[in-house]
Amino acid sequence: MPHNVKIVEVGPRDGLQNEKTLVTTDVKVELINRLSNAGFVNVEAASFVSPKWVPQMADGADVMARIARRPGTLYSVLAPNMKGFEGAIASDADEVVIFGAASEAFSQKNINCSIAESMTRFEPVAAAARKAGVRLRGSISCSLGCPYQGEVPVRAVVDVVRRMRELGCDEIDIADTIGVGTPGKVQEVMRAAAAEFPIDRLSGHFHDTYGQALSNILASLEVGIGIFHASVAGLGGCPYAKGATGNVATEDVLYMLHGMGLHTGIELDDVVRAGDFISQAIGRSNNSRVGKALLTKWASRSS
Ligand code: HMG
Ligand code: MG
């Protein structure tokens, strides 16, 4: 089991993208700054996608221009095509994320093209990222199941891992978009992916729709995965996966990892305060069990 675990905080992007009411740029910037100060080495800060498809992410350039960049933190942005890549580079992103899927149906709904077409779109993005010296990450949606097609064969995931490796991805995310995976299946998929790509550069991106995310992280740790995505206060959901809830809450993941003696370099209390800040700012209940428990404990101490 890896002793040092990297957590990629995806709340500002995956967490907020599905909010129907526009969250102000000020609030997004404040959230990212709080997360940077909590010690994350990687924050997914924005998306450069069509504002017609995902209006909430339309202010990505402003967000990136206004955040206070902490040395040692990488700020990642999503870019599905060259237009997105140009936005990413103009905003001085440290890492560009291309996002595909292991399911044809989801690829069509999410990025309006087949898996094969998506790879063709990603090719110039990957080449330009290499030329610009920017890190490239590939994300594979529906690696544990698809809201449209149901079961997704492991070989379909492995096929996309291989293609993303050929594109030169530095890191590849195995994403459970709708949170349907269970530990045994997750280990099977992770082991199969690790046969194609270095295990220390594979990550687990688990939505918690069915309450399996922490178990799936533990199962992934057991097979050697050391990078996980999480969303502060459990914010989120994908606009093209109806009913899918947020990512696993970062606070809950940190509590588990630190309790196991694993090292993340992140200050849990700061993340709890960031979770409280964003939940209040957007008027949502806090979806982190650990966040709620600690906030209640702190409030009872001070009263
Ligand atoms: P399209 O309609 O096929 O693209 O959409 P197009 O190239 O034909 O362009 C159509 C219009 O979009 C044009 O504007 C373009 O300029 C504009 P118009 O002429 O109509 O005014 N456009 C753009 N604008 C800004 N930035 C861009 C861009 N590209 C085109 N980069 C496209 C294809 C991919 C753009 C579209 O389908 C899209 O934006 N999809 C968004 C998908 C998305 O953001 N989904 C959520 C993130 S993925 C996720 O959450 C999953 C993840 O968390 C892992 C997991 O949990 O599974 C990562
Ligand atoms: Mg996601």
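Computed from a predicted structure; not experimentally measured. Remember, it's 1-based here, ligands and their atoms both numbered in the order they're listed.
Residue Asp14 approaches the Mg ion (ligand 2) most closely through its N/O/S atom OD2.
Using a 4.0 Å cutoff on heavy atoms, Met57 does not count as a contact of ligand 1. For Pro51, the closest heavy-atom approach to ligand 1 falls below 4.0 Å. At least one heavy atom of Ser139 sits less than 4.0 Å from an atom of ligand 1. Heavy atoms of His229 come nearer than 4.0 angstrom to ligand 1 in no pair at all. The shortest separation from a heavy atom of Met82 to ligand 1 is not under 4.0 Å, leaving the residue out of contact.
Of all the heavy atoms of Leu78, the ones lying under 4.0 Å from any atom of ligand 1 belong exclusively to the side chain. The backbone and the side chain of Thr177 each have at least one atom closer than 4.0 Å to an atom of ligand 1 (non-hydrogen atoms only). Under 4.0 angstrom from ligand 1, the non-hydrogen atoms of Phe48 all belong to its backbone. Both the backbone and the side chain of Val49 come within 4.0 Å of ligand 1, counting heavy atoms alone. Of all the heavy atoms of Asn81, the ones lying under 4.0 Å from any atom of ligand 1 belong exclusively to the side chain. With a 4.0 Å cut-off on non-hydrogen atoms, Glu86 does not touch ligand 1 at all.
Between Pro2 and Leu221, some side-chain heavy-atom pair lies under the 4.5 Å cut-off. Taking the side chain as every heavy atom from C-beta outward, Val152 and Leu144 never approach each other to under 4.5 Å.
Judged purely by distance below 3.5 Å, without hydrogens or angles, the side chains of Ser231 and Asp14 never pair a donor atom with an acceptor atom. Looking only at atom types and distance, the side chain of Gln149 has no donor-acceptor partner in the side chain of Glu104 under 3.5 Å away. Inspection of the His263 and Asn4 side chains reveals an N or O donor paired with an N or O acceptor under 3.5 Å.
Distances below 4.0 Å separate heavy atoms of Ala175 from the following atoms of ligand 1: 54 (C), 55 (C), 57 (O).
Taking CZ of Phe206 as the start and CG of Leu214 as the end, the distance is 10.5 Å to the nearest 0.5 Å.
For the pair Arg163 and Asp159, the salt-bridge criterion is met [side-chain N within less than 4.0 Å of a carboxylate O]. Salt bridge status for Arg34 with Glu30: present, with a side-chain N to carboxylate O gap under 4.0 Å.
Polar contact check, Pro80 against ligand 1: no nitrogen or oxygen pair lies under 3.5 Å apart.
Partners of Ser139 by side-chain hydrogen bond (donor to acceptor under 3.5 Å, both in side chains), not counting sequence neighbours, listed by chain and number: Asp173.
Rounding to 10 degrees, one finds that the Mg ion (ligand 2) sits at the corner of an angle of 90° between His205 NE2 and His207 NE2.
If you chain together ILVMFWY residues whose side-chain heavy atoms come under 4.5 Å of each other, Val10 ends up grouped with Val8, Ile227.
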